[in-house]
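From a predicted model like this one, the values you see are computed outputs, not experimental measurements.
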Amino acid sequence: MQNEQAVQRRLRHHKLLRKARRGEILMRRVYKICRFLFVLFIFYCTYRLSATNLWYLPADIYSGKSTQLEILGNQIVSKNKILNEIKKIPLEKEPLYKINPRETVELIEKLPPIKSAYIRRYWLPARLVIMIEEVTPAITIAPSEEAPDVVAFAITGELIPREYLPLNIKKPVTKILTYGTKGDDYENWDVEKITTLYNLAKSIEEYSGEEVEYIDIRNKHNAFAKISSTKLKLGELDENLNERIKSIHDILPQIRPILDKVKYVDLSWKDSKYLKME
């Protein structure tokens, strides 16, 4: 009797083992089928993704109206000017990831006010972001107070041609009045002269507390500067000029009540200061 019960237990045990093995075999087959279907799905998605039009830039991207082109950082150079330059390179009918923007960057960087450019590509949908770094304007040049600026100079010496004027920037730039004649052609100015005039304007603003509207060097032996409240006679632009300018800090508060009657403050002498009355 006990032997018969033991045989029955062994039979039930082997039956359970067989069921467990069949279940394990079934799960392995289901796993393999799911893995195969998942690989097929990945290949299908990859194919559909590579064939989609979202990789391609639209034909009107350089029209100025496309939302798939953005230009950032440009103030001096207009968006249309940049678009006109990059239109010189035909738009390739290739997916965005195959297009090399280096040639376009080099073309943009040839524009005088642009120091550097960088093109960032975004996928799905394909779009471009052009990031511009422009030179920092230091001074502008004009022949008279009323005349429009003819050129501008960057602090690093680059000449900004008339086609980019007037400067569309937030920070005001000092105007320099000069005829550019008598051996002093402004187109041949070096960085040192530009820096000297730029620093001169900043010194006047520092000691006067007012913005410099222009510096008149048409007569190099008798220069003038115009600040918000009055004119300053600077005289010779020599090594003593900065010391003479410092006195305006003490003079301006004393003469404010009569500024409407003052033609200019004479700072051309080192030890003496005069007021020229109207």
Side-chain angles (χ1 to χ4, degrees), residues 75-76 112-113 115 134-162 164-253 255-256 259 262-270 273-276:
Q75 294 183 349
I76 302 173
K115 184 189 298 184
E134 296 177 328
V135 297
T136 303
I139 58 174
T140 61
I141 304 296
S144 67
E145 301 172 39
E146 299 80 13
D149 299 329
V150 292
V151 295
F153 283 99
I155 192 65
T156 47
E158 292 89 351
L159 186 146
I160 303 172
R162 182 181 295 195
Y164 299 102
L165 304 177
L167 295 172
N168 183 27
I169 58 176
K170 297 178 182 178
K171 189 177 180 181
V173 180
T174 303
K175 177 184 288 191
I176 305 296
L177 305 185
T178 178
Y179 297 126
T181 57
K182 298 179 181 179
D184 192 27
D185 186 353
Y186 50 77
E187 292 188 359
N188 297 322
W189 285 0
D190 56 15
V191 178
E192 183 179 357
K193 179 151 189 174
I194 294 165
T195 304
T196 299
L197 292 170
Y198 174 79
N199 290 336
L200 172 59
K202 294 305 174 185
S203 294
I204 296 173
E205 290 177 347
E206 179 183 355
Y207 293 119
S208 68
E210 300 180 18
E211 183 180 320
V212 174
E213 297 179 10
Y214 64 80
I215 297 176
D216 186 352
I217 60 171
R218 289 173 291 186
N219 182 347
K220 63 181 180 179
H221 300 294
N222 196 20
F224 279 84
K226 175 68 170 67
I227 58 176
S228 303
S229 59
T230 189
K231 290 178 71 174
L232 308 174
K233 183 179 179 181
L234 306 178
E236 290 275 0
L237 302 182
D238 53 24
E239 64 277 2
N240 298 318
L241 179 58
N242 196 57
E243 289 297 321
R244 303 200 303 270
I245 291 173
K246 289 181 180 180
S247 61
I248 196 65
H249 177 74
D250 299 319
I251 295 174
L252 273 181
I255 65 172
R256 287 197 187 281
L259 273 177
V262 176
K263 187 174 182 180
Y264 61 78
V265 179
D266 192 341
L267 304 177
S268 59
W269 301 93
K270 183 177 181 180
K273 306 296 180 286
Y274 300 95
L275 299 180
K276 176 66 174 180

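Inter-residue side-chain proximity for V191 and T156 is flagged as unmet; no heavy-atom pair is nearer than 4.5 Å. Between L177 and E145, some side-chain heavy-atom pair lies under the 4.5 Å cut-off. With a 4.5 Å cut-off on side-chain heavy atoms, I227 and L252 count as touching. Between D149 and V173 there is no side-chain heavy-atom pair separated by less than 4.5 Å.
In terms of heavy-atom proximity, Y164 sits nearest to I76 at CB-CG2, 3.9 Å. Contact record, A142 with K175: CB-CD, 3.8 Å, taken as the closest heavy-atom pair. The two residues P112 and L159 have their closest heavy-atom pair at CB-O, 3.9 Å. Nearest heavy atoms, R218 versus D216: NH2-OD2, 2.7 Å. When every heavy atom of G235 is checked against every heavy atom of S268, the shortest pair comes out as CA-CB, 3.7 Å.
Here the side chain of E205 pairs a donor or acceptor atom with the backbone of V212 at under 3.5 angstrom. Between the D238 side chain and the L241 main chain, a donor and an acceptor come within less than 3.5 Å of each other. With E210 contributing its side chain and S228 its backbone, the two residues share a donor-acceptor pair below 3.5 Å. For the pair R244 (side chain) and L234 (backbone), a donor-acceptor distance under 3.5 Å is present.
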Let me see the working for T174 and L197 under side chain to side chain contact (heavy atoms under 4.5 Å, CB included), right down to the final yes or no. CA-CA 9 Å; T174 303; L197 292 170; over 6 Å; no

For a side chain to side chain contact (heavy atoms under 4.5 Å, CB included) check, start with the C-alpha distance between K231 and Y214, then their side-chain angles and the critical distance, and finish with the verdict. CA-CA 10 Å; K231 290 178 71 174; Y214 64 80; 3.7 Å; yes

Please step through side chain to side chain contact (heavy atoms under 4.5 Å, CB included) for the pair K220 and L237, ending with a clear verdict. CA-CA 7 Å; K220 63 181 180 179; L237 302 182; over 6 Å; no

Stepwise side chain to side chain contact (heavy atoms under 4.5 Å, CB included) test for I248 and I204: CA-CA 8 Å; I248 196 65; I204 296 173; 5.9 Å; no

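The distance from the NZ atom of K202 to the OH atom of Y207 is 14.5 Å, given to the nearest 0.5 Å. Atom OH of Y186 sits about 10.5 Å away from atom CG of N188, to the nearest 0.5 Å. Atom OG in S203 sits 4.5 Å away from atom CG in N242 (nearest 0.5 Å). From T178, atom OG1 reaches atom CD1 of I215 across 12.0 Å, with rounding to the nearest 0.5 Å. Rounded to the nearest 0.5 angstrom, I194 CD1 and I155 CD1 are separated by 8.0 Å. Put simply, CG on L167 and CD on Q75 are 10.0 Å apart, with the number rounded to the nearest 0.5 Å.
Using bins of under 30°, 30° to 60° and over 60° for the plane-to-plane angle, the ring pair W189/F153 lands in the parallel bin.
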